[in-house]
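Computed from a predicted structure; not experimentally measured. Below, chain A is the first sequence line, B the second, and so on; all start at residue 1.
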Amino acid sequence: MQFTISTLFQQIINGLSLGSVYALIAVGYSLVYSILLFSNFAHGGFLVVGGYACYYLLTQWGYGVVISMTGALLASGITAVLTEFSAYKPIRERTPITLYLLIASMGVNIIIENLFVVTVGGRVKALPQNTFPTGVFNLAGGVTMSASDIISLVTAVVFLGLLQLFLSKTRWGLAIRAAACDIRTAGLMGINVAFLISLVFFVAGILAAVGGIFLSVRYSLYPQLGSITTKAFIAAVIGGLGSLPGAVVGSLILGLAEMLTAGFISSQMRDLVVYSLLVIMLLIRPAGFFGKKINDKI
Amino acid sequence: MEKILLEAQDITVNYGAIKALSGFSLKLMEHEIVSVIGANGAGKSTFMNALMGMVRITGGKFFLEGSPLSSKNYKIVRSGLSLVPEGRRIFTPLTVEENLRIGAFSRKNRNEIRDDYDWIFSLFPILKERLKQYAGTLSGGEQQMLAIGRALMAKPKILLLDEPSLGLAPIIIQNIFKELKRINEQGVSILLVEQNAKQALLLSHRAYVLQTGRLLKEGFSRDLLEDSDIKAAYLGQSS
């Protein structure tokens, strides 16, 4: 029994740690969805930009962790704003059909991915060993928690908390919540909606970069790393697309489900369980836990 | 002589091949209430949306106090126009307080904003009671009051209303129109678009009658109320 209980706790810790990284990505997804009503699949690309920016700032230019991470966050945020400006805005001005935005976002994702393949190569890179503290803490009963688990959990909580503060306490946060409800009417309030959309993409890009950096630490860095956002997307759908608390809850559920499956059944069954969860959710409650509107979700 | 506050010159709007508005002109003087009446599809809402920069105009110009009006939505609001949209369009997941606060988005002076809360509560006391409630829980009449209050929080020179009587009980419509009169007496000019021609004519000083995108008649509201054509077509009474 000792083995099972400690495995349970171990996998719960691992699941929360993984889920917190998913949450950072899923919240960015949901934020964009709540305003523009399309799933931005280029989000994975933003994440990769963040990862590589951090890698090169650390290794090539030799900056410290703080400056490198800040630079990565900015790089990702700016990429997101430029994507919106060059790929989405021209479409938005011509048609209200959001399906075209979805297709464009897939295109952007492919472009970003292959830009890295062509320029820096497809080979796997790892962030330097000393990027983050690497200690492992022994908890009771043989359960361990690595320093990077703790850092990613804490960072996720901090960034999600900051986002919550921004949305609930600031003038632009209120404007974003109003726009999520009715973007046309938001314009009637004297809100510069074009700027608001850029702001939302910037914030989503920053969150993607944080997720990207922690994914590169946990796994490694390669141009297709962004494909992991499929998981964050599923988490956002389970939680209810467009709902930020939903995205967090969905992410934690997904992280736990993956790690518990890996711990008690088999590592190879992880994705099977994840996609089964998605199918079950769509059958029982298509709007997700916190989603309200049951319209076409694209 | 009274000052011209808003002027629309030869406004034309096309939706594809359909002419929604052809060469419509309108003037609004300072302290005036002007209404635009007409049947469904006459181009009333198109005119409002064009004025607020939400619909692109094919021809014509808008002037506010003599200078051309911006075509950008948020700049128009900042220059002093504030619209109560058709169907109220309040932000239902936000509280009443947040709805009012967002109305004042483009303003900086906190003291003035605080005074305006009090002004709006004096017009619609129910909003003060409901302040912490989600706007979606309000009744239709209360939502309309909130929509008007929200528009006033922008401290507009001109308050624009698109079908404020839509879907409301007659007693509530009368209440709201009474408050609109008070708002006007406190110095806000009003431009009103209404299918409810009688209410609109009773409230406004002057009126324009639109028919399929063209001006049919204009004049003092009290004259239009007695006009036999208008009576027959819009007021539902034969002369």
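Shown here are the side-chain contact (heavy atoms from CB on, under 4.5 Å) partners of A:Leu73, two or more places apart in sequence or in another chain: A:Phe159, A:Ile206, A:Ala209, A:Val210, A:Ile213. With sequence neighbours left out, B:Ile172 forms a side-chain contact (heavy atoms from CB on, under 4.5 Å) with B:Leu168, B:Ala169, B:Ile176. A:Tyr88 pairs by the side-chain hydrogen bond (donor to acceptor under 3.5 Å, both in side chains) definition with A:Asn40, not counting sequence neighbours.
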Go through chain A and chain B and list any donor-acceptor pairs closer than 3.5 Å, backbone and side chains both.
{"unit_1": "A:Arg171", "atom_1": "NE", "unit_2": "B:Phe105", "atom_2": "O", "d": "3.1"}
{"unit_1": "A:Arg171", "atom_1": "NH2", "unit_2": "B:Phe105", "atom_2": "O", "d": "2.8"}
{"unit_1": "A:Arg177", "atom_1": "NH1", "unit_2": "B:Glu98", "atom_2": "OE2", "d": "3.0"}
{"unit_1": "A:Arg177", "atom_1": "NH2", "unit_2": "B:Glu98", "atom_2": "OE2", "d": "3.0"}
{"unit_1": "A:Asp182", "atom_1": "OD2", "unit_2": "B:Arg89", "atom_2": "NH1", "d": "3.0"}
{"unit_1": "A:Gly190", "atom_1": "O", "unit_2": "B:Arg78", "atom_2": "NH2", "d": "3.4"}
{"unit_1": "A:Asn192", "atom_1": "ND2", "unit_2": "B:Tyr74", "atom_2": "OH", "d": "3.1"}

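When the candidates A:Ala186, A:Ala175, A:Gly190 are compared by the number of heavy-atom contacts under 4.5 Å with chain B, A:Gly190 comes out ahead.
Counted within 6.0 Å of CZ on B:Phe121, heavy atoms from surrounding residues, nucleotides or ligands total more than 12; the atom is thus considered enclosed. The environment of B:Phe63 atom CZ is dense: over 12 non-hydrogen atoms of other residues, nucleotides or ligands sit within 6.0 angstrom.
Side-chain atoms of A:Thr83 come within 3.5 Å of backbone N or O of A:Thr79 as a donor-acceptor pair.
Looking at B:Met52, the atoms closer than 4.5 Å to chain A (heavy atoms on both sides) all sit in the side chain, from C-beta outward. Residue contact with chain A, scored on non-hydrogen atoms closer than 4.5 Å, involves the backbone and the side chain of B:Ile102 alike.
Between B:Leu81 and B:Leu191, the closest side-chain pair of non-hydrogen atoms is not below 4.5 Å.
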